[in-house]
2 protein chains.
Amino acid sequence: MKSEKISEAVVRRLPVYLRYLNDLNKREVSTVSSQELGLKLDLNPAQIRKDLAYFGDFGRKGIGYDVSYLIEKIRHILNLDQQINAVLVGAGNLGQALSNYNLYLRENIKIVAVFDENPTKVGSRISTLTVQPMDEISDTIKSRNIRIGIITVPDVEAQNVADRLIAAGIEAILNFAPTILKAPANIRIHAADFTTDLLSLAYYLDNGKDGSADDGAQEDK
Amino acid sequence: MKSEKISEAVVRRLPVYLRYLNDLNKREVSTVSSQELGLKLDLNPAQIRKDLAYFGDFGRKGIGYDVSYLIEKIRHILNLDQQINAVLVGAGNLGQALSNYNLYLRENIKIVAVFDENPTKVGSRISTLTVQPMDEISDTIKSRNIRIGIITVPDVEAQNVADRLIAAGIEAILNFAPTILKAPANIRIHAADFTTDLLSLAYYLDNGKDGSADDGAQEDK
DNA sequence: GCTTAATTTATATAACTAATTACAATCCGG
DNA sequence: CCGGATTGTAATTAGTTATATAAATTAAGC
């Protein structure tokens, strides 16, 4: 085990490993090699080994990794061996979609409260939760030990919501609004804006405007 | 202007620039410096200059960048000076949320068709579109010149849907399902799975275990 | 029981990619 | 035509991924 600083790139891959490992576990596969992981996850096996080696020697030479043991270790690294409570702000379409995903989440992150500014939405039910008014946000975050905020409000309100979440003591934010949030350095913010993804995708459409004009090779699987 | 290969990191920032520039434009600001952009977007000004310089000399020394001109240029780089048609597969909660966002999208990417496997959903309306059955997918993609596919189906169906989109001639896919899609190298795939974002966020929660003062002691024999 | 071959991890090193710093070149207003 | 502002880019630093290899493990042959 080393004590270097762990890069973001590594941390972003851990949930991907975890997801596939859970899959293997459900299929009662007990051991897996970095090579197989690499094949399934489109990653270089050496990179996977190196990622895991940052946190300890989890594998056995000649054998590979024990699936259950590795799941346990990654869950621990990601703080998922305890329940992490999250709050969702913005009960629009996207907010509803995320709340419903809640139920499918095998991992220990739970959306335990939903807030919306709109009085007509307050009191309505989303999945198993009741939409609360914004002025309860601080009390709820404190009393229910909520550590992650998920923002699904329109962009103009996002910063204001973030400020309130931070003031109430939230530690991290997942921001779906197309806005760069300002926050103190100790607050972790991840942008999850899909319009950015979608627009950058358009860059890669081939308009015959460069050398790679027409490579028709197209086949199923 | 150079002709180096443009890195993904650069391409992902272009939509971010574009978004803020559109904002400035609406507020009738005509000129902006890399420093101001950097401040607002939390990026190093030199990085912004370098990003833009890959594509041409868009700025003027001593002055900055002309907002309208830069918008036009970035839109051209991202292929957004033409309408790009997209298709959405999976009319669940998330699919509905994205379809509705459609209307807010200032840029030229439009979701022009929605598909779902479930017969009870086929025929229903989502935003301005009518949900179509899966067996029409290939014809629709071809006849309506659809170039981008958005996948919002459950993970077990995602690869199958991707295969059908690719067979129908789609060029790029935005995948919301928590699965690594396999596809030929000429198909561009972006993962937009927010469970990965959410789980990696948990890593950064502080459990007072900083310094990683963790077990890990391994015995020798 | 011993040896050899086939795997597979862990890690050192190298190669590559990306971000930051530093600064000369340029531009405009006065 | 001087001074402050700002770009474009070279040089540097930082970060990430890939390659190469030694060490460990099992299994098979004899």
Side-chain angles (χ1 to χ4, degrees), chain A residues 1-14 16-17 21 24 29-71 73-74 77 180 185 200 203, chain B residues 1-14 16-17 21 24 29-67 69-70 73-74 77 180 200 203-204 216-221:
Chain A
M1 164 112 74
K2 316 168 182 178
S3 49
E4 293 175 49
K5 189 168 166 289
I6 306 300
S7 84
E8 273 188 56
V10 174
V11 175
R12 264 200 306 273
R13 283 190 291 268
L14 294 179
V16 178
Y17 301 153
L21 289 166
L24 288 175
V29 177
S30 64
T31 301
V32 68
S33 69
S34 61
Q35 188 165 55
E36 191 201 329
L37 283 170
L39 211 62
K40 288 291 163 59
L41 304 178
D42 260 349
L43 295 167
N44 183 308
Q47 181 171 68
I48 296 174
R49 293 199 294 278
K50 203 177 170 197
D51 284 355
L52 297 174
Y54 281 116
F55 303 98
D57 290 4
F58 301 149
R60 288 174 69 199
K61 293 177 182 174
I63 309 296
Y65 297 89
D66 181 88
V67 172
S68 309
Y69 181 69
L70 194 51
I71 287 174
K73 284 299 181 185
I74 294 180
I77 294 162
I180 308 295
S200 68
Y203 173 82
Chain B
M1 165 113 74
K2 315 169 182 179
S3 48
E4 293 176 50
K5 188 168 168 288
I6 307 300
S7 85
E8 273 188 56
V10 174
V11 175
R12 264 200 306 273
R13 282 189 292 268
L14 294 178
V16 179
Y17 302 153
L21 289 166
L24 288 174
V29 176
S30 64
T31 300
V32 69
S33 69
S34 61
Q35 187 165 57
E36 191 201 329
L37 283 170
L39 210 62
K40 288 292 161 60
L41 304 178
D42 260 349
L43 294 167
N44 184 309
Q47 180 170 70
I48 296 174
R49 294 199 295 277
K50 205 178 166 193
D51 284 355
L52 297 174
Y54 281 117
F55 302 99
D57 290 5
F58 301 147
R60 290 174 70 195
K61 293 177 181 175
I63 308 298
Y65 297 89
D66 181 87
V67 173
Y69 180 68
L70 194 50
K73 285 299 181 185
I74 294 180
I77 293 162
I180 308 296
S200 67
Y203 173 82
Y204 297 97
Q218 214 89 357
E219 264 193 45
D220 278 352
K221 40 171 116 168

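No experiment lies behind these values; they were computed from the predicted model shown. In what follows, chains carry the letters A, B, and so on, assigned in the order in which the sequence lines appear, proteins first and then strands, with residues in each chain numbered from 1.
Between A:R12 atom CZ and D:dT17 atom P there is a gap of 9 Å when expressed in whole angstrom units. For the pair A:Q35 CD and C:dT7 C1', the interatomic distance rounds to 9 Å; values are reported in whole Å. Distance NZ (A:K61) to P (D:dT21): 16 Å, rounded to an integer number of Å. If you measure from atom CD of A:Q47 to atom C1' of C:dA10, you get 15 Å, rounded to the nearest angstrom. Atom CZ of A:F58 is separated from atom C1' of C:dT8 by 17 Å (rounded to the nearest Å). The separation between B:Y65 atom OH and D:dA5 atom C1' is 13 Å, rounded to whole Å. Computed from coordinates, the B:R13 CZ to C:dT17 C1' distance equals 12 Å when rounded to whole Å. Atom CD1 in B:I48 sits roughly 16 Å away from atom P in D:dT9 (whole-Å rounding).
Smallest separation of non-hydrogen atoms from A:L21 and A:L37: CD2-CD2, 4.4 Å.
Counted within 6.0 Å of CD on A:E36, heavy atoms from surrounding residues, nucleotides or ligands total more than 12; the atom is thus considered enclosed.
For the pair A:S7 and D:dT16, the criterion of a side-chain N or O lying under 4.0 Å from OP1 or OP2 is met. The shortest distance between the side-chain N/O atoms of A:S34 and the OP1/OP2 oxygens of C:dT9 is below 4.0 Å.
Residues B:F55 and B:V10 meet the side-chain proximity criterion, which asks for heavy atoms closer than 4.5 Å.
Side-chain proximity of B:N44 to the nucleotides C:dT21, C:dT11, D:dT25 is greatest for C:dT21. The nucleotide whose nearest atom lies closest to any side-chain atom of B:S33 is, among D:dT9, D:dT6, D:dT26, D:dT6. Listed candidates were D:dT9, C:dT11, C:dA19. Nearest to the side chain of A:K50 is C:dT11. Residue A:A9 places its side chain closer to D:dT17 than to any other of D:dT9, D:dT17, C:dT8.
Atoms OH and NZ, on A:Y54 and A:K5 in that order, are 11.0 Å from each other to the nearest 0.5 Å. For the atom pair CG of B:L14 and CG of B:L52, the computed distance is 7.0 Å after rounding to the nearest 0.5 Å.
If you check every strand for non-hydrogen atoms under 4.0 Å, A:R60 touches sugar and phosphate atoms only.
Both A:E8 and A:I63 lie close to DNA chain D; mapped to their nearest nucleotides by heavy-atom distance, the more 5′-ward contact belongs to A:E8. Of the residues near DNA chain D, A:R49 and B:L52, the one whose nearest nucleotide (by heavy atom distance) lies more toward the 5' end is B:L52.
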